[in-house]
Amino acid sequence: VTVEWKQGTHKRGNLELDLFDLPGTYSLTAFSEEELVARDFLLGSKPDVVIDVVDASNLERNLYLTTELLEIGVPVVLVLNMTDTARSRGLHIDVPRLAAKLGVPVVPAVGNRGEGMDEIVEAVNQVMVSVSNVPPTAGICLESSPDPAGLAAVHPVRGHAMVNYGPEIERTIGEIEDLLPASDSSRWQAVKLVENDPKVIEGVAEPGAREAIGGLAAGLAADSNDEPDILLARLRYEFIGELCRDILTSPTTRKVTLSDRLDRVAMHPILGVPIFLGLMYVVFTLTFSLGAPLMDLIDNGFGLLAETITGMWPVGAESPLKSLLVDGVIGGVGGVLVFLPNIV
């Protein structure tokens, strides 16, 4: 709910993790403050492990961020949160296959019940050991009952998956990447330069390289019917859609819930508006009809209290203390509390 990151420490046995919780985001583009804060931290702080929290009941939307993290090249642990919600909707996720397809550990979890926490810490530990052969010192949490079949997938799998954007775009990405300083995130930077990301363009130090990159990106844009960022986003979703079709099994018929049945009536194209107006009339009528006696009771109570305090001074006497208590404290507080029944 914030646009800043929070830091904490987690200890489990001999393992101590420094955790940085970044703002929730669905992508690492330059459109919102949350996205900029998250990606600046990822690129600048170079965390040892990224814990990518995704909604297991809405994989296609949440995996978009995952594809960008894999392009950046940071070690990732993918956490499938809300697996209980996914199961209740009849969704089955082949966790080991998802881990093999993406090339990262995948851990099922239910965050609000604390399920899967041990497995997440173990996965972070194993990724750190596999990457650097030293005990882990830091992790990062980025927002997006464990299945026994999925526990085998917490083991690190080498070789991250990458979105293939097709021969022409991949050739342009490669040519731009050759113009950038060598780094783990050079492919991600090249992709963002193809998308004409203003923040990444500003980060290209050499004017000559910037002009050459601009020419390559412009040439690709001229050959496409879509804007480059829209084209690449569509290709990412095609990759995600194909992945989900392979690892996600959905029920053939959707379960009709009580909410669905209510919606059929309350959101009816003809009956919906009269129902809405009727409900609003009932709500406001009940609010004031039920609240009026309580409002009068509070008002009379504060009035009696004011009279009692006023009686402590002689008739007609003026006093700053009397004014403070009667007009300020009692009048001010009473004037607010008299509306409490309506608010409740």
>> Is it the case that over 12 heavy atoms from other parts of the model lie below 6.0 angstrom from the CD1 atom of Ile270?
In response: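 Incorrect, the count does not exceed 12.
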> Does CD belonging to Glu242 count more than 12 external heavy atoms closer than 6.0 Å?
Replying inline: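 No - once you tally the heavy atoms of other residues, nucleotides and ligands closer than 6.0 Å, there are 12 at most.
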Does some side-chain heavy atom of [Y] sit less than 4.5 Å from a side-chain heavy atom of [X]?
X: Leu69; Y: Leu42; result: yes
X: Pro228; Y: Asn196; result: yes
X: Gln126; Y: Pro105; result: no
X: Val77; Y: Val50; result: no
X: Met128; Y: Val49; result: yes

Closest non-hydrogen atom pair, [X] against [Y]:
X: Pro274; Y: Leu271; answer: CD-O, 3.2 Å
X: Asn81; Y: Gly111; answer: OD1-N, 2.7 Å
X: Gly90; Y: Pro251; answer: O-CD, 3.2 Å
X: Ala190; Y: Glu177; answer: CB-N, 4.0 Å
X: Gly116; Y: Val107; answer: O-CG1, 4.0 Å

> Could you walk me through whether Gln189 and Val194 pass the side chain to side chain contact (heavy atoms under 4.5 Å, CB included) check?
Replying inline: CA-CA 9 Å; Gln189 288 178 291; Val194 169; over 6 Å; no
>> side-chain hydrogen bond (donor to acceptor under 3.5 Å, both in side chains), that's the test. Do Ser259 and Thr257 meet it? Break it down for me.
In response: CA-CA 5 Å; Ser259 178; Thr257 64; 4.7 Å; no
>> With side-chain contact (heavy atoms from CB on, under 4.5 Å) as the test, pick out the partner of Leu102 among Thr66, Val76, Ile247.
In response: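 When side-chain contact (heavy atoms from CB on, under 4.5 Å) is applied between Leu102 and each of Thr66, Val76, Ile247, only Thr66 qualifies.
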To the nearest 0.5 Å, how far apart are [atom1] in [X] and [atom2] in [Y]?
X: Arg87; Y: Ile93; atom1: CZ; atom2: CD1; value: 9.5 Å
X: Ser27; Y: Glu68; atom1: OG; atom2: CD; value: 5.5 Å
X: Leu235; Y: Thr67; atom1: CG; atom2: OG1; value: 11.0 Å
X: Ser250; Y: His92; atom1: OG; atom2: NE2; value: 11.0 Å
X: Ile240; Y: Leu63; atom1: CD1; atom2: CG; value: 5.5 Å

> Is there a salt bridge (Lys or Arg N to Asp or Glu O under 4.0 Å) between Arg113 and Asp84 once you walk through the steps?
Replying inline: CA-CA 10 Å; Arg113 296 209 297 261; Asp84 56 338; 3.4 Å; yes
Do [X] and [Y] share a hydrophobic cluster (ILVMFWY, side-chain heavy atoms under 4.5 Å, transitive)?
X: Ile275; Y: Met267; result: no
X: Met280; Y: Val273; result: yes
X: Leu294; Y: Val338; result: no
X: Leu321; Y: Ile330; result: yes
X: Met82; Y: Val106; result: no

> Does the side chain of Glu16 pick up a donor-acceptor pair with the side chain of Thr9 at under 3.5 Å?
Replying inline: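 No - no donor-acceptor pair under 3.5 Å links their side chains.
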Would you mind checking if [Y] and [X] are paired as a salt bridge, meaning a charged N to carboxylate O distance below 4.0 Å?
X: Asp197; Y: Arg39; value: yes
X: Arg234; Y: Glu227; value: no
X: Glu71; Y: Lys192; value: no
X: Arg236; Y: Glu195; value: yes

>> Using a 3.5 Å distance criterion without hydrogens, assess whether the side chain of Asn62 forms a donor-acceptor pair with backbone atoms of Asn58.
In response: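 The answer is yes, because a donor-acceptor pair under 3.5 Å joins these two groups.
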> Any donor-acceptor pair under 3.5 Å linking the side chain of Thr308 with the backbone of Leu304?
Replying inline: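 It does hold such a pair.
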>> Can you classify the ring geometry of Phe41 versus Phe20 as parallel (below 30°), tilted (30 to 60°) or perpendicular (above 60°)?
In response: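 Phe41 vs Phe20 ring planes: tilted.
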> Under the side-chain hydrogen bond (donor to acceptor under 3.5 Å, both in side chains) criterion, do Asn342 and Thr287 qualify, and how do the steps go?
Replying inline: CA-CA 6 Å; Asn342 288 149; Thr287 297; over 6 Å; no
> Where do Leu98 and Leu80 land on the side chain to side chain contact (heavy atoms under 4.5 Å, CB included) test, with the steps shown first?
Replying inline: CA-CA 11 Å; Leu98 176 60; Leu80 300 180; 4.2 Å; yes
>> As a quick check of understanding, evaluate side chain to side chain contact (heavy atoms under 4.5 Å, CB included) for Leu36 and Thr29, giving each step before the final call.
In response: CA-CA 7 Å; Leu36 287 173; Thr29 54; over 6 Å; no
> Should Glu170 and Arg187 be marked as a salt bridge (Lys or Arg N to Asp or Glu O under 4.0 Å) after you check the CA-CA gap, both sets of side-chain angles, and the distance that decides it?
Replying inline: CA-CA 10 Å; Glu170 286 292 337; Arg187 175 177 171 84; 2.9 Å; yes
>> Let's go through Leu15 and Val121 carefully: what are the C-alpha distance in whole Å and the side-chain angles of both, what is the deciding distance for side chain to side chain contact (heavy atoms under 4.5 Å, CB included) to 0.1 Å, and is it a yes or a no?
In response: CA-CA 9 Å; Leu15 185 66; Val121 174; 3.3 Å; yes
